[in-house]
2 protein chains.
Amino acid sequence: MALNAENTTAQNGGSVANEGGCQRFNSMPGNGAQPKTNYCSACAAHKTALCAKLSGEELAEFGALSQHKTFAPGQTLFNEFDEARYYYTVVSGDVRLSRMLDDGRRQITGFKSKGDFIGLGTDGHFSSDAEAINEVVVCQFTVSNMNHSLENFSAVQGRLMEMMQHEVIALQDHMLLLGRKTPVEKIANFLCERAKKYAGVHPEDEMVQEVDVFLPMSRTDVADFLGLTIETVSRTITKLRKAGVIELETAQHVVVKDFEELSMIADGEV
Amino acid sequence: MALNAENTTAQNGGSVANEGGCQRFNSMPGNGAQPKTNYCSACAAHKTALCAKLSGEELAEFGALSQHKTFAPGQTLFNEFDEARYYYTVVSGDVRLSRMLDDGRRQITGFKSKGDFIGLGTDGHFSSDAEAINEVVVCQFTVSNMNHSLENFSAVQGRLMEMMQHEVIALQDHMLLLGRKTPVEKIANFLCERAKKYAGVHPEDEMVQEVDVFLPMSRTDVADFLGLTIETVSRTITKLRKAGVIELETAQHVVVKDFEELSMIADGEV
DNA sequence: CGCTGGATTGATTACCTTCAAGGTTGGTGG
DNA sequence: CCACCAACCTTGAAGGTAATCAATCCAGCG
């Protein structure tokens with residue numbers, strides 16, 4: 001597959017990050033290729049992304065090798081076994097990574113959002129499916145550009161190493177959850193993690209009580225993430241609700257009434 | 001903790017790998033520190049280890065920064081949350097990595113053996129417990145030596161990256177197993193993986209029929225690896241035995257009678 | 001307003017866990 | 001050589017829990 005340059009109207013001109021040639025991809029699924037609209041340093045994902053430790057000229061050079069791209073809800077970024085041509089950093093939106101058995105059973109291996117890197121467990125070919133849950137913007141680099149950056153920017157390489165370590169730890173955590181936790185513990189854990197990651201809850205904070213947690217994914221996704229059925233997910237959420245630990249604003253909007261309690265349940269310290 | 005030089009009788013003199021000062025560690029659990037007995041290139045683990053891509057002087061230099069150490073069956077290499085001072089390559093024997101809940105529930109996140117690296121999901125502190133299943137010899141490096149090698153030997157760094165990628169893929173595979181596979185599929189999968197890794201079975205081989213699989217770990221370990229109870233493990237093995245897919249020479253020695261069939265079961269293609 | 005997809009709730013079943021009892025193996029010592 | 005013991009594995013019976021099957025509810029939308 002070749003990269004083919006194409007003219008589009010720039011959404012925002014004069015960006016340093018776009019110097020060095022802003023190529024477009026056209027023949028891909030999710031073909032909403034678009035120039036980056038501002039400096040990488042202003043990118044919503046930058047602070048925690050692969051490029052987090054880069055700044056100034058290095059960041060500009062790195063940015064010139066990448067480009068933003070949009071995927072519609074439900075759209076596929078790539079499938080398992082596809083040859084890995086690109087890696088991605090999520091700029092906005094939510095992506096689910098999953099793996100399937102022939103008969104349709106599915107395990108979601110992770111949800112990726114702003115700042116997260118996609119392409120870690122990749123050895124020439126992708127090891128999972130990747131789909132956009134809602135509208136997703138990613139920052140995309142070709143594998144060769146990625147390798148170039150790894151060789152030339154030790155800060156990128158260092159950050160990648162960090163991210164892989166955290167990924168391994170997260171996967172181990174999730175193995176413990178899948179193999180040994182009860183449905184309540186699984187749901188509680190899931191909500192806690194979301195609260196910590198997206199609602200800025202820090203466990204050491206005293207008096208953390210009421211937290212809004214938004215779930216962009218469907219109950220089916222939650223079930224396939226936690227190794228449960230959709231019915232069990234629903235029933236378990238109801239159980240937590242009736243216990244007063246959470247409330248449901250809508251199905252996707254959970255209000256955690258007692259984070260401390262939820263956290264205890266999540267860790268099996270009932 | 002300081003590295004303290006100490007005299008011991010060399011088991012084998014004149015090794016290039018021992019040049020540059022063969023320091024000993026003394027005050028650690030599993031204190032059977034010992035000089036490496038031969039060139040790294042002759043090490044049983046070398047071909048697939050972190051140092052696989054090194055040779056000649058580089059290998060010698062790398063080897064000088066490491067040393068072998070022996071652990072008795074059941075002995076702890078380290079515990080979760082311990083400050084990570086060392087990384088390890090398994091030279092011989094089997095190590096289990098596990099994670100526990102407060103009430104004793106345990107999930108084994110992996111079995112490590114010859115050539116495997118221990119310390120991947122480590123961010124300053126270890127993310128799991130590590131225990132020797134049988135007598136284990138490891139090649140141990142301090143974190144700082146490891147970092148030194150990563151900076152100076154791109155071959156080491158490249159190999160580490162490969163190993164992390166494979167680790168992530170293996171963990172994802174195992175998540176699918178834990179979350180979505182039935183007990184029979186789990187056991188079949190486990191035996192297949194063992195056959196492929198330790199009995200040299202390559203799936204593409206035609207006529208692979210009878211394979212010896214040795215299980216150094218207990219049924220409890222298998223259960224905690226697969227997210228089952230020990231009884232279910234036992235019953236499921238019995239089921240496969242009665243179906244003629246495997247035979248039991250002893251509890252630890254399984255003879256796979258029909259690898260093809262076992263493999264199908266493992267993948268849910270019943 | 002009715003339709004549709006997703007979420008919840010209900011009833012039943014199957015399977016795995018739990019609790020409990022044998023069986024086997026390997027090591028020790030008389 | 002055999003008895004004894006401990007650890008581990010296997011097998012059995014009973015019970016509980018989550019899966020399955022099925023119906024209802026709800027929100028968004030044409």
Side-chain angles (χ1 to χ4, degrees), chain A residues 73-74 96 101 103-108 131 133-134 177-188 190-191 213-243 246-254 265 268 270, chain B residues 72-74 96 101 103-107 131 133-135 177-188 190-191 213-243 246-254 268 270:
Chain A
R96 64 168 168 262
L101 290 171
D103 60 9
R105 280 176 285 173
R106 185 178 71 151
Q107 177 65 48
I108 290 181
E131 291 147 328
I133 291 174
N134 36 33
L177 177 146
L178 289 171
R180 289 299 180 216
K181 290 196 175 177
T182 64
V184 214
E185 289 164 0
K186 287 178 178 184
I187 295 286
F190 177 65
L191 293 174
V213 176
F214 294 91
L215 307 176
M217 73 291 292
S218 67
R219 292 289 188 266
T220 306
D221 284 347
V222 176
D224 286 346
F225 184 54
L226 302 179
L228 300 169
T229 62
I230 177 177
E231 294 94 335
T232 301
V233 169
S234 196
R235 272 188 256 272
T236 306
I237 287 176
T238 300
K239 186 187 293 184
L240 286 172
R241 184 169 55 73
K242 290 189 173 165
I246 62 172
E247 276 178 10
L248 285 190
E249 205 68 41
T250 70
Q252 330 293 334
H253 179 189
V254 178
I265 297 173
V270 192
Chain B
R96 65 169 169 260
L101 290 172
D103 61 7
R105 282 176 284 171
R106 186 178 69 153
Q107 177 64 48
E131 291 148 328
I133 291 174
N134 37 35
E135 175 156 307
L177 176 145
L178 289 172
R180 287 302 179 213
K181 290 196 177 180
T182 65
V184 213
E185 290 164 358
K186 288 179 177 183
I187 295 287
F190 178 66
L191 294 174
V213 176
F214 294 92
L215 306 177
M217 73 290 293
S218 69
R219 291 289 187 267
T220 305
D221 284 347
V222 176
D224 286 346
F225 184 52
L226 301 178
L228 300 170
T229 61
I230 178 176
E231 294 93 336
T232 302
V233 169
S234 195
R235 274 187 254 270
T236 306
I237 288 177
T238 300
K239 187 187 291 183
L240 287 172
R241 184 169 57 71
K242 289 188 173 165
I246 61 172
E247 277 178 9
L248 284 190
E249 204 69 41
T250 68
Q252 331 293 333
H253 178 189
V254 178
V270 190

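The sequence lines fix the lettering, A, B, ..., with proteins before strands; numbering per chain opens at 1.
- At whole-Å resolution of the value, CD in A/Glu185 and P in D/dA18 are 10 Å apart.
- Atom CZ in A/Arg219 sits about 19 Å away from atom P in C/dG5, given to the nearest Å.
- Closest approach of A/Leu178 and A/Phe225 over heavy atoms only: CD2-O, 3.7 Å.
- Nucleic acid contact class of B/Thr250 (heavy atoms, under 4.0 Å, all strands): none.
- Taking the side chain of A/Thr220 as heavy atoms from C-beta on, and the options C/dA7, D/dA19, D/dT10, the nearest nucleotide is C/dA7.
- Residues A/Thr182 and B/Arg105 are in side-chain contact: their nearest non-hydrogen atoms beyond the backbone lie under 4.5 Å apart.
- A close approach under 4.0 Å does not occur between any side-chain nitrogen or oxygen of A/Thr182 and OP1 or OP2 of D/dT17.
- Across the protein-nucleic acid pair, B/Asp103 atom CG and C/dT18 atom P stand 11 Å apart, rounded to whole Å.
- Out of D/dC9, C/dA7, C/dT17, the shortest distance to the side chain of B/Thr229 is found at C/dT17.
- Place A/Met217 and A/Arg180 on DNA chain C by their nearest nucleotides, and A/Met217 ends up nearer the 5' end.
- The interatomic distance linking A/Ile237 (CD1) with C/dT8 (C1') rounds to 10 Å, in whole Å.
- Closest to the side chain of A/Ile230, from the set C/dC19, D/dC9, C/dT8, is C/dT8.
- Among D/dT11, C/dT9, C/dA7, the nucleotide with an atom closest to any side-chain atom of A/Ser218 is C/dA7.
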Let's go through A/Ile108 and A/Glu131 carefully: what are the C-alpha distance in whole Å and the side-chain angles of both, what is the deciding distance for side chain to side chain contact (heavy atoms under 4.5 Å, CB included) to 0.1 Å, and is it a yes or a no? CA-CA 11 Å; A/Ile108 290 181; A/Glu131 291 147 328; over 6 Å; no
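- The side chain of A/Glu231 has D/dT20 as its nearest neighbour among D/dA18, D/dT10, D/dT20.
- In this structure, A/Leu248 atom CG and D/dC26 atom C1' are separated by 13 Å, rounded to whole Å.
- As a whole-Å value, the separation of B/Gln252 CD from D/dC8 P is 10 Å.
- The base of D/dT20 is paired with the side chain of A/Arg235 by a donor and an acceptor separated by under 3.5 Å.
- Side-chain N/O atoms of A/Thr232 include one lying less than 4.0 angstrom from OP1 or OP2 on D/dA19.
- Of all nucleotides listed (C/dA7, D/dT11, C/dT9), C/dA7 comes nearest to the side chain of A/Ala251.
- Residues B/Asp221 and B/Arg106 are in side-chain contact: their nearest non-hydrogen atoms beyond the backbone lie under 4.5 Å apart.
- Minimum heavy-atom separation, A/Thr232 to A/Pro183: CG2-CB, 3.9 Å.
- The CD atom of B/Glu249 sits 17 Å away from the P atom of D/dC9 (whole-angstrom rounding).
- The distance between atom CG of B/Asp224 and atom P of D/dC9, rounded to the nearest whole Å, is 12 Å.
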